[in-house]
Amino acid sequence: MQSSLVLGSPPPLSDLIDAGDAALFLDFDGTLVALASGPDAIRPLADLSDRLAALAQRLDGRLALVSGRGIADIEGHIGALNVAVAGSHGSDIRGADGEQLGRGATQLPKEIEQALRQFAGEVGADYEHKPHGGALHYRGNQQLGPKVHAFARALAADYGWAVQTGKCVAELVAKDANKGGAVTLLMDTPTFAGSRPIFIGDDVTDEAGFRACRGLGGDGILVGGSAETRENTDANYHLTNVAAVHAWLEL
């Protein structure tokens, strides 16, 4: 873990590109787009997909989105992606050419979805259906947090699934789904192999991405976060907010 006393700004992206071996792995919510009251209320940059494709060209294709959202959900907000992408916390991965990577994602069992929907209705949480998971959001009523997380953990244990936690959300995903695994798989492809991986993210689910990148000789860049968060992260650099990420990426 790093200390907030040494968590400084990353070197300029242009310097990393000039070095010739940088690869970027980018979280979506809270990193490329500001968090909103709900998953569908976000307001991405205009032409964000095109901007990311242009950035990928500067990196010779070594750019990937790694998000808790499903791939179709991301594309529904910013348009078709022409870069590598790992959706659903790394359980659904494809290359820039659209080719599926890995063994493919596991669908959420109907019994889990029914239980999540029923619980959300009973306590007043918001349920979000995902192709390969199901999420309980409580941003509008943060007092529900302990109850939501306790229910999610118990349900996951009953079915052998896992819980990914984030800012006012608990999500059930397949047990082997995490962002670090997505980074490792993509780094084994010809496009990314041998590069210096850099993961940018804002939430606890991104810590696996930070660890994977640093284990491969790269870096993690934490976006935002409290002083406590910055003292307990595997990132080694810091950017203050989404606007700072856009500036650093030169979008």
Would you name the heavy atoms of Ala162 and Lys175 that are closest together and state the gap between them?
-> CB-CA, 3.8 Å
CD on Glu171 to OG1 on Thr205, rounded to 0.5 Å = 8.5 Å
Indicate the ring-plane relationship of Phe25 and Phe199, choosing parallel, tilted or perpendicular according to the 30° and 60° boundaries.
-> parallel
Tell me, yes or no, whether the heavy-atom count around Glu122 atom CD, taken from other residues, nucleotides or ligands under 6.0 Å, exceeds 12.
-> yes
Here the gap from Ser91 atom OG to Gln107 atom CD, rounded to the nearest 0.5 Å, amounts to 9.0 Å
Residue pair Ser88 / Ala177: nearest heavy atoms and the distance that separates them = O-CB, 4.3 Å
Answer yes or no: is there an ion pair linking Asp29 with Arg69, defined by an N-O contact shorter than 4.0 Å?
-> yes
About how many Å separate CH2 of Trp161 and CD1 of Ile112, when rounded to the nearest 0.5 Å?
-> 5.5 Å
If we only count heavy atoms from C-beta on, is the Phe192 to Pro197 side-chain gap below 4.5 Å?
-> no
Drop me the distance from Leu45's CG to Leu52's CG, to the nearest 0.5 angstrom.
-> 9.0 Å
Taking 4.0 angstrom as the limit, do Asp234 and Arg211 come out as a salt bridge?
-> yes
Which atom pair, heavy atoms only, marks the closest approach of Leu186 to Ala84?
-> CD2-CB, 4.2 Å
Between Asp21 and Arg62, is the closest basic N to carboxylate O distance under 4.0 Å?
-> no
